[in-house]
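The structure appears right after this line, and notes come after that.
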Amino acid sequence: MPELPEVESFGKYLVKTSLNKEIKKVKIESPQLLQNIDINVFNKKIKGKCFLNVKRHGKYLFVLLNNNSWLVLHFGMTGSLKFYKDNAKKLLYSRVIFDFDDGSHLAFIDPRKFGKIHFTQKIDDFINYKKLGPDAFDINLKTFKNLYSKRRGASKTALMNQNVMSGVGNIYSDEILYHAHVHPKTSFLNLSDGKLNEIFKIMKNVLKIAIDRDLKGENLPDSFIIPHRIKNGECPESKTKLKTIKISGRTSYYCPVCQKEI
DNA sequence: CGTGGCTCCTGGCGGC
DNA sequence: TGCCGCCAGGAGCCAC
């Protein structure tokens, strides 16, 4: 689930529910999510603090604590956040739970435990450490073209590479290429300058629509390929049955009529 | 640069 | 029903 749009809404959700409350206790059910930090040190850094603000870069959510450090959340394939008030309730697949002093809780839910939690003093340090490219929602056209115009290999692989640009994953790369009428295996090297401009615009648009819809809890438009990502799904435009191929080990959906390989 | 394979985990689904 | 293999919206590591 969690690519850029979902992480953006997790951030908004955290802001809406969990800011400025003292964290009484952290329950760490799955210590393996903690990266480069001892469980005791983690506890010490969090206990008695509160969340002040959030920032997002790509698929990472940075949560500012009132000790000038940032908690870094990455949601993997199945991570999410859930806020609740009921004291007795404990949600299935809770891996880390923040207990606030007013009796409410924020849980990091993650069935597959692919999520990761770090600490950093500065966001930029973390971005450098992970070698993350610019955020897909912030990036400008010039930078985008610099990064992609000479990129070899499949366009889908390039869009998913977090070191080139950060935030687009398997699902949204398919969506972007679908609207651009580009086959996921086609290389950026084979695309015209105009096509790159178009892909840039489409990417921004797709992400914006996805963020808005996610925040409102609505479904994506039927003109998107994502809702048709099912067995026997059809292209909403040409009504052709969608095809799937493996690219970089991930399943890619595309329309064989609208997206011809070059 | 680039690719493909394997790994970390758990649950759901289809096939036999 | 029971078991098995495969698949899943991420990403790091390694060999080539």
Side-chain angles (χ1 to χ4, degrees), chain A residues 1-11 28-36 56-61 72-81 91-96 107-118 126-133 135-137 146-179 184-190 203 206-207 209-211 213-214 219-220 224-233 242-254 261:
Chain A
M1 210 173 168
E3 295 181 34
L4 189 153
E6 291 79 24
V7 177
E8 179 71 21
S9 56
F10 293 158
I28 300 161
E29 314 277 327
S30 300
Q32 78 232 58
L33 298 206
L34 304 183
Q35 305 296 304
N36 303 320
R56 186 193 53 70
H57 185 99
K59 304 175 192 171
Y60 288 90
L61 188 65
V72 187
L73 304 179
H74 189 274
F75 298 91
M77 299 255 276
T78 54
S80 64
L81 294 176
L91 298 165
L92 204 55
Y93 310 126
S94 287
R95 306 308 186 194
V96 177
F108 186 100
I109 311 281
D110 186 12
R112 284 177 74 184
K113 300 183 187 173
F114 284 168
K116 305 237 184 314
I117 299 179
H118 301 74
F126 186 82
I127 289 171
N128 290 334
Y129 158 65
K130 288 284 179 189
K131 301 187 174 20
L132 297 175
D135 181 79
F137 202 58
N146 277 341
L147 289 170
Y148 284 104
S149 59
K150 296 197 179 93
R151 201 80 203 172
R152 298 190 286 144
S155 51
K156 176 172 170 91
T157 309
L159 286 173
M160 283 196 304
N161 187 336
Q162 303 301 297
N163 303 317
V164 178
M165 182 181 70
S166 226
V168 173
N170 193 32
I171 290 290
Y172 287 100
S173 58
D174 277 359
E175 192 64 50
I176 292 160
L177 294 170
Y178 169 71
H179 291 291
K185 276 198 169 165
T186 297
S187 162
F188 276 101
L189 277 179
N190 294 331
M203 176 179 81
V206 162
L207 294 176
I209 290 171
I211 290 170
R213 297 280 166 147
D214 206 33
N219 295 324
L220 287 164
F224 271 41
I225 198 178
I226 292 173
H228 305 277
R229 239 185 135 75
I230 46 170
K231 200 168 155 57
N232 297 320
L242 297 175
K243 289 201 165 187
T244 60
I245 36 166
K246 287 270 181 198
I247 299 179
S248 295
R250 316 298 305 280
T251 303
S252 183
Y253 280 75
Y254 70 100
E261 189 171 357

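By convention in this document, chain letters (A, B, ...) are assigned in the order of the sequence lines, proteins followed by strands, and residues within each chain are numbered from 1.
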What interatomic distance, in whole Å, is found between P of B:dG11 and the corresponding atom of C:dA11? 22 Å

Atom-to-atom span, CG of A:L73 to P of C:dG10 - whole angstrom: 17 Å

With the sugar-phosphate defined as primed atoms, P, OP1 and OP2, and the base as all remaining atoms, what B/S/- string results for nucleotides 1-16 of chain B, 5' to 3', for protein heavy atoms under 4.0 Å? SSS----BBBS-----

Span that lies between the P atom of B:dG5 and that of C:dC6, in whole angstrom: 14 Å

Dot-bracket summary - DNA chain C, pairs being Watson-Crick or G-U whose distances fall under 3.5 Å, with | when paired to another strand: .|||||||.|||||||

So that I can tick it off, tell me whether A:R56 and A:E8 are bridged by a salt bridge, with the cut-off set at under 4.0 angstrom between side-chain N and carboxylate O. yes

Rounded to the nearest 0.5 Å, the CG atom of A:N170 sits from the CD atom of A:E3 at a distance of 7.0 Å

Per nearest nucleotide of DNA chain C, the residue lying toward the 5' end, A:I171 or A:N163, is A:I171

How would you list, by chain and number, every residue that makes a salt bridge (Lys or Arg N to Asp or Glu O under 4.0 Å) with A:R151, sequence neighbours excluded? none

Just to verify, what does A:S187 make a side-chain hydrogen bond (donor to acceptor under 3.5 Å, both in side chains) with, not counting sequence neighbours? none

Shortest side-chain distance from A:K130, nucleotide among C:dA11, C:dG9, C:dG12: C:dG12

To the nearest angstrom, how far is A:L159 atom CG from C:dA11 atom P? 14 Å

Suppose we screen for side chain to side chain contact (heavy atoms under 4.5 Å, CB included). Which residues come up paired with A:S30, at least two apart in sequence or across chains? A:Q32, A:L33, A:R95, A:K113

What residues form a side-chain hydrogen bond (donor to acceptor under 3.5 Å, both in side chains) with A:S173, not counting sequence neighbours? A:K156

Nearest-Å distance for atom pair CG/C1', residues A:L4 and C:dG9: 13 Å

Could you list the residues that satisfy ring-ring contact (aromatic ring centres under 6.0 Å, His included) with A:H118, not counting sequence neighbours? A:F126

Mark yes or no for a side-chain to base donor-acceptor pair under 3.5 Å between A:E3 and C:dG10, with no hydrogen or angle criteria applied. no

Taken to the nearest whole Å, CE/A:M77 to C1'/C:dA11 is 10 Å

A:T251 vs C:dA8: side-chain N/O to OP1/OP2 distance below 4.0 Å: yes

Gap between atoms CG and P, on A:L177 and C:dG9 respectively (whole Å): 16 Å

Mind checking the P distance from B:dG4 to C:dA8? Whole angstroms is fine. 16 Å

What residues, two or more places apart in sequence or in another chain, satisfy side-chain hydrogen bond (donor to acceptor under 3.5 Å, both in side chains) together with A:R250? none

Sole residue of A:Y60, A:F108, A:F114 in ring-ring contact (aromatic ring centres under 6.0 Å, His included) with A:F75: A:F108

Considering just the side-chain nitrogens and oxygens of A:H74, establish if one lies under 4.0 Å of OP1 or OP2 belonging to C:dA11. yes

By ring-ring contact (aromatic ring centres under 6.0 Å, His included), A:F188 pairs with (sequence neighbours left out) A:Y148

Could you check how far CZ of A:R229 sits from C1' of C:dA8, rounded to whole Å? 10 Å

To the nearest Å, give me how far apart CD (A:Q162) and P (C:dC13) are. 15 Å

C:dC6 C1' sits how many Å from A:K231 NZ, rounded? 13 Å

